[in-house]
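The structure under discussion appears below in the form of structure tokens.
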2 protein chains.
Amino acid sequence: MRRLKLMATRVEQRQRTEARILTAARRLFGEHGFDRTTIRAIATEAGSDPGLVMRYFGSKEKLFAQAAAIPADGPIEGSPKQIAQQLTAALTDKLADEPAAALAALRAMFSYPEAAEEVRAAMTSQQRQVAAHLPGDDAVLRSGVIGALTLGLVISRHLVRLDGLDASPEELIAVVGPLIEELTTGA
Amino acid sequence: MRRLKLMATRVEQRQRTEARILTAARRLFGEHGFDRTTIRAIATEAGSDPGLVMRYFGSKEKLFAQAAAIPADGPIEGSPKQIAQQLTAALTDKLADEPAAALAALRAMFSYPEAAEEVRAAMTSQQRQVAAHLPGDDAVLRSGVIGALTLGLVISRHLVRLDGLDASPEELIAVVGPLIEELTTGA
DNA sequence: CGATTCAGTCTACAAGTGTTGACTGAACGG
DNA sequence: CCGTTCAGTCAACACTTGTAGACTGAATCG
């Protein structure tokens, strides 16, 4: 083994660098949005080079697509009350920590059309699943309101940092949970 | 009167041109956000010239500040139920038409810090007013949720154009109204 | 070991940006 | 009527951006 302990094999090195770039990209896209985040800034934060970022990810748009993929929620099924519980649990997660990738997508959504489509697709898909299991002829509308409420809460807490929403996730759920249950059952 | 009927006095001409620029700015800022809207595009849409836009408004940021001012809602007062009614009425307006200025502020909010502060200020001010009139020791939290719900609905309807929220304002209010009343009274 | 691949660096370019300043002609005020 | 003001136009600037390509040296492989 001629290799020093600080060195690594090429594939390891490549993976590490790509990972560092992706992490930096998520953080910066999430903090400043798509347009205000430059390839140069990402490269600097990752301790790398703009040219390398381009070679590894092809373009700024492709890098964003990889960095800002929205993690899908689990499947939705069961009775309205069970669905309410699943939605509430998912919301608790979203309120608890700040998923950098989703934040990047959310922040970019309003200035970068592709990101808007990403968010739209994620919300529409979930909404359809939910609506299919709800009673009442306004099920689609009610599930849409659930989506809007969720979106508003996440944005208000993580992006706007609205006063009053900086409570613990449990306190928030104590207030919002009943609303969601009401929306699912249609009372 | 030497002046032709198509011509106008200087102040008239100036006011007209400024108005055309502001209208164009609102539309483009609202549609594409702050960064992706160029002074050149605004000038072209207004049938004017970039240099003129600069001379009249000083800078792109100042133009945005004038174009994207958020109209304040009326004062909030009365019993919780009255407040719920006032909030619901204000929400109906926001859902009915698309106020170009507010949309511009909303869309820019996530990539342009000054716009975020504008939205934050508007929401915080309203939230404080509301919370002061609500019962319960979680009044601040509940009024925050009202703000988040409102924000989520406006964004989902006008910016994301989520399926299911394209109902008439009355249908939407029929679903959301009870939630707001519940949040104000604290049931 | 010798040839090749490839991670990483550096420089340069073409396009687009906000912004400035000079210029033109018509409206204005005395 | 003449000098001044000012709306509107045009061309250029300084700068930043994404991106491409040449180059270097170490890891890889037969």
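In what follows, every chain begins at residue 1, and chains take the letters A, B, ... in the order their sequences are listed. Worth knowing before you read on, the calculation uses all heavy atoms, side chains too, and leaves out hydrogens, waters and symmetry mates.
- Across the interface with DNA chain C, nearest-nucleotide mapping of B:Gly51 and A:Pro50 shows A:Pro50 to be the residue nearer the 5′ end.
- Per the geometry, CD1 belonging to A:Ile39 stands 11 Å off P belonging to D:dA20, to the nearest Å.
- Comparing C:dT19, D:dT9, D:dT17 by their closest approach to the side chain of A:Arg40 singles out D:dT17.
- Applying the 4.0 Å criterion to OP1 and OP2 of D:dG18, one finds that A:Ser59 has every side-chain N and O outside that range.
- In this structure, B:Asp35 atom CG and D:dG18 atom P are separated by 12 Å, rounded to whole Å.
- Dashed line: the shortest gap from a side-chain N or O of B:Arg55 to OP1 or OP2 of D:dA7 is under 4.0 Å.
- Closest to the side chain of A:Gln13, out of C:dT19, C:dT9, C:dA7, is C:dA7.
- Of the two residues near DNA chain D, B:Arg20 and A:Thr37, the one whose nearest nucleotide lies more 5' is B:Arg20.
- At whole-Å resolution of the value, CG in B:Leu52 and P in C:dT19 are 15 Å apart.
- Put simply, CZ on A:Arg36 is 11 Å from P on C:dG18, counting in whole angstrom units.
- With sequence neighbours excluded, the residues satisfying side-chain hydrogen bond (donor to acceptor under 3.5 Å, both in side chains) with A:Glu171 are A:Ser168.
- Counting to the nearest Å, the C1' atom of D:dG18 and the NZ atom of A:Lys62 are 13 Å from each other.
- Neither OP1 nor OP2 of D:dC6 sits under 4.0 Å from any side-chain N or O of B:Tyr56.
- Here C:dT20 presents its P atom at 14 Å from CG of B:Asp49, a figure rounded to the nearest Å.
- A:Met54 places its CE atom 4 Å from the P atom of D:dT19, with the value rounded to the nearest Å.
- The pair A:Lys60-A:Glu114 does not meet the salt-bridge criterion, since no charged nitrogen lies less than 4.0 angstrom from a carboxylate oxygen.
- Close to D:dT5, at under 4.0 Å from its OP1 or OP2, lies no side-chain N or O of B:Arg10.
- Taking a 6.0 Å sphere around CD of A:Gln85, one finds it holds 12 or fewer heavy atoms contributed by other residues, nucleotides or ligands.
- Rounded to a whole Å, the CD atom of B:Glu12 is 12 Å from the P atom of D:dG8.
- Put simply, A:Thr9 has no side-chain N or O that comes within less than 4.0 Å of OP1 or OP2 on D:dA27.
- Each of A:Arg14 and B:Phe34 was matched to the nucleotide of DNA chain C holding its nearest heavy atom; the match closer to the 5' end belongs to A:Arg14.
- Atom CD1 of B:Ile70 is separated from atom CG of B:Leu106 by 6.0 Å, given to the nearest 0.5 angstrom.
- Taking the six-membered ring for Trp and thresholds of 30 and 60 degrees, B:Phe29 and B:Phe64 have ring planes more than 60 degrees apart, a perpendicular arrangement.
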